[in-house]
Structures are given as structure tokens and as C-alpha cells.
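To start, the structure itself, in C-alpha cells.
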Protein chains: 2
Amino acid sequence: MNVRDAATRSGLPPKTVRYYDDIGLVVPDRRGNGYRDYDNRAVQKLAFLKRARQLGFSIDDCRQLLSLYEDNERASADVKALAETHLEEIDRRLEELQHLRETLKHLVHACRGDDRPDCPILADLSGDK
Amino acid sequence: MNVRDAATRSGLPPKTVRYYDDIGLVVPDRRGNGYRDYDNRAVQKLAFLKRARQLGFSIDDCRQLLSLYEDNERASADVKALAETHLEEIDRRLEELQHLRETLKHLVHACRGDDRPDCPILADLSGDK
DNA sequence: CCTTGAGCTTCCAGTTACTAGAACCTTTAT
DNA sequence: ATAAAGGTTCTAGTAACTGGAAGCTCAAGG
């Protein structure tokens, strides 16, 4: 199956599918004319990647997940460890964002937002205590 | 003052300070020998940038904030509008991340994490319903 | 005065995960 | 025969730096 079909079925843009070939994530067979030829297995892997990326796993994470996915001898503990590490990262990022949100909300609330130059947001940014 | 001192005082790495010069964010004077020469005003701006970047404003946002910062005729409403837009973006990102966290937490919880290959995380990623 | 080491300069490459576009080839349909 | 559609590769651009190399300048010690 050609790249466009593989893309459609996996839900990824064709450009991305080619990119995943380039970086060796999902490497399809090639036909005599040089066209990529994807089988169902490859499409499955592409769909797997789409989902994993949506869940915020990095390409590097995906590489590991994919090899675990392919490995019938794998231990589920390996997968779980990867997911847990990722979860911790998400928690860190969430905390940062929440903190940021509070600060910003506070500043926005404090700013009168009229046509005068007086602005607590800029005052804060400038390091004013 | 040389770039290293400006960097130290503003809390930014010297590389970043030079970068901000390159992209025209904070352009210092040059001395006869070609060395960058920062005054207190420039250091203030660098510190301003550091804080704004920490709050997640993009470089482009920063460019606008900086010009508002410099403009004594500004209307605080302009600043507020910028900050509000940014706040909305943060809220969107927060929601995404929280959703993601739930999904992932659920999966991690469901996975036994032993030495057997059976793994609900991989099952989910593969599109298994 | 000379040398050494620190600090400055610029420029190039790498990072992440694609995406846009150009130039060119192959297949399919008219 | 030709034109459109779809395939190929390659380069460059995105955001915001960061690391490293080659080379110039400056201050201090012998």
C-alpha cells in the first residue's frame, strides 16, 4: 500500500509517515519503482505511534515503546516504568503551568486595563518588588 | 559592562544575552574593540526578559511587552490584553495536560508491571478498544 | 617586552518533530 | 500523447537557544 493510504489509515499526515521512515521508526518495503510499500503491520505501528505521540511520549520514548511492542518476550514492568517516568514529567509540567497561571492571573486581575500607562504587569516583569 | 557581567546581573546565560542581541531584542553599544557594552538600562531589560520568558511569554510576545515597557504613553489595556491571551493559552495547555495525565495514570494503574508480556498500556497504544 | 590565560568576537552545527516547497519521476486516465 | 495525480528526494524553516571552534583582545607575571 502506498504512503497516502498508510497515512490515511493510521491517521498521520503523509509527510510524517515519510519522516518516520527517514528516522528509522517505521521502515516500509520498497517496490521496484522506489515507492514505499506499507503492509498492515506497518500501518498498525504507525497508528501506535500516533497514539503514543498524542499521549506526549517523545520520539525516543516511542522508539523504546515500539521495540517493546514488537517484543513478545517483553516484561510489562518495562513499559510501566517508561510510562511512569513520563507521568512524573507531566506532573512536573502541570505544577509549573499551574504556578504560572496563578501568577499571571493575579497580575491580569491587578491591572486596571485602561488607557493609562500604569501597569502592575509591567511593574512585576521589571522586577519591581 | 561586558557581556558576562550583564549576564550575571540579569540572571541569563551569556550565550542567551548574545542571542538577544543577534535577534535585536536588547542591542548593546559596542566599544572600540568590538566588545558589547551593556548599561544598567540594558541589564534591566534583560532581567525583564528573563522574567517574561519564565512566565511563558514567547520571544515575540516579549518583543511587544518590551516596547510597551519602554513606551511611557502606553495604555495598560494593551499589556493586559497580551497577558490575557497568554493566560487563555495556558488554560488550554493545562486542560490538555490534565486530560493526558488522567489517561496515562489510568493506564499505568491498570498495568501489573511484572515480568509477563501482558500489558494494557501497549494494548491501548495499539488501538485496542 | 613577551607570554599566558581568561574573556571577548563570530559563525556553524545541533536540538525536537515535523512541515513547506521545489525539482523530478511514475502511474493512470483520457 | 498528454495531463493530472501521486510518488521520490532534498533543502530549508520553525522556536529558542546551546555547544564548540577559530581567532582577536586584554590584564598580569616574569
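Keep in mind that the numbers below use all heavy atoms, side chains included, and drop hydrogens, waters and symmetry copies.
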Using whole Å, what does the distance between atom P of nucleotide D:dC24 and atom CZ of B:Arg30 come to? 17 Å
Phosphate OP1/OP2 of D:dC17 contacted by B:Tyr20 side-chain N/O (<4.0 Å): yes
Taking the nucleotide of DNA chain C with the closest heavy atom to each, which residue, B:Val3 or A:Tyr35, is nearer the 5' end? B:Val3
Residue pair A:Tyr38 / A:Leu46, side-chain heavy-atom distance below 4.5 Å: yes
Here the distance between atom C1' of C:dT16 and atom CG of A:Asp22, to the nearest Å, is 15 Å
Give B:Arg18 one of three labels, base, sugar-phosphate or nothing, depending on what nucleic acid heavy atoms sit under 4.0 Å from its own. base
Taking atom C1' of D:dA5 as reference, at what distance in whole Å does atom CZ of A:Arg4 sit? 9 Å
Distance check: side-chain N/O of A:Asn2 vs OP1/OP2 of D:dG6, anything under 4.0 Å? no
Quick one: B:Tyr19 OH to C:dT15 P, roughly how many Å, whole number? 18 Å
Within residues 39-67 of chain B, which residues have any heavy atom lying less than 4.0 Å from an atom of DNA chain C? none
Starting at CG of B:Asp21 and ending at P of D:dA16, how long is that distance when rounded to a whole Å? 17 Å
Rounded to whole angstrom units, what separation is found between the CG atom of A:Asn33 and the P atom of D:dT9? 11 Å
Hydrogens and angles aside, do B:Arg101 and B:Gln98 bring a side-chain donor and acceptor to less than 3.5 Å of each other? no
Just to be sure I understand the rule, does B:Pro13 reach a base, reach only the sugar-phosphate, or reach nothing, if contact means heavy atoms closer than 4.0 Å? sugar-phosphate
Hey, is the side chain of A:Arg36 poking within less than 4.0 Å of OP1 or OP2 on D:dG7, counting only N and O atoms? no
OP1 or OP2 of C:dA17 less than 4.0 angstrom from a side-chain nitrogen or oxygen of A:Thr16, does that happen here? no
NZ/NE/NH1/NH2 to OD/OE distance under 4.0 Å, A:Arg116 and A:Asp118: no
Could you go through A:Arg93 and A:Glu96, starting from their C-alpha distance and side-chain angles, then the distance that decides it, and tell me whether this counts as salt bridge (charged side-chain N to carboxylate O under 4.0 Å, His left out)? CA-CA 5 Å; A:Arg93 187 86 192 110; A:Glu96 269 175 40; 2.9 Å; yes
For A:Arg31, answer base if it contacts any base atom (sugar-phosphate contacts may also be present), sugar-phosphate if it contacts only those atoms, and nothing otherwise; contact means non-hydrogen atoms under 4.0 Å. nothing
Check whether any side-chain N or O of B:Ser76 sits under 3.5 Å from a backbone N or O of A:Arg112 as a donor-acceptor pair, and report yes or no. no
Is there a path of hydrophobic side-chain contacts, each under 4.5 Å between heavy atoms of I, L, V, M, F, W or Y residues, that connects A:Val26 with A:Tyr35? no
Specify the separation, in whole Å, of atom OH of A:Tyr38 and atom C1' of D:dT8. 12 Å
Cation-pi check, A:Arg41 onto A:Tyr69 ring (under 6.0 Å, within 45° of axis): yes
Atom CG of B:Leu25 and atom C1' of D:dC17 are separated, to the nearest Å, by 12 Å
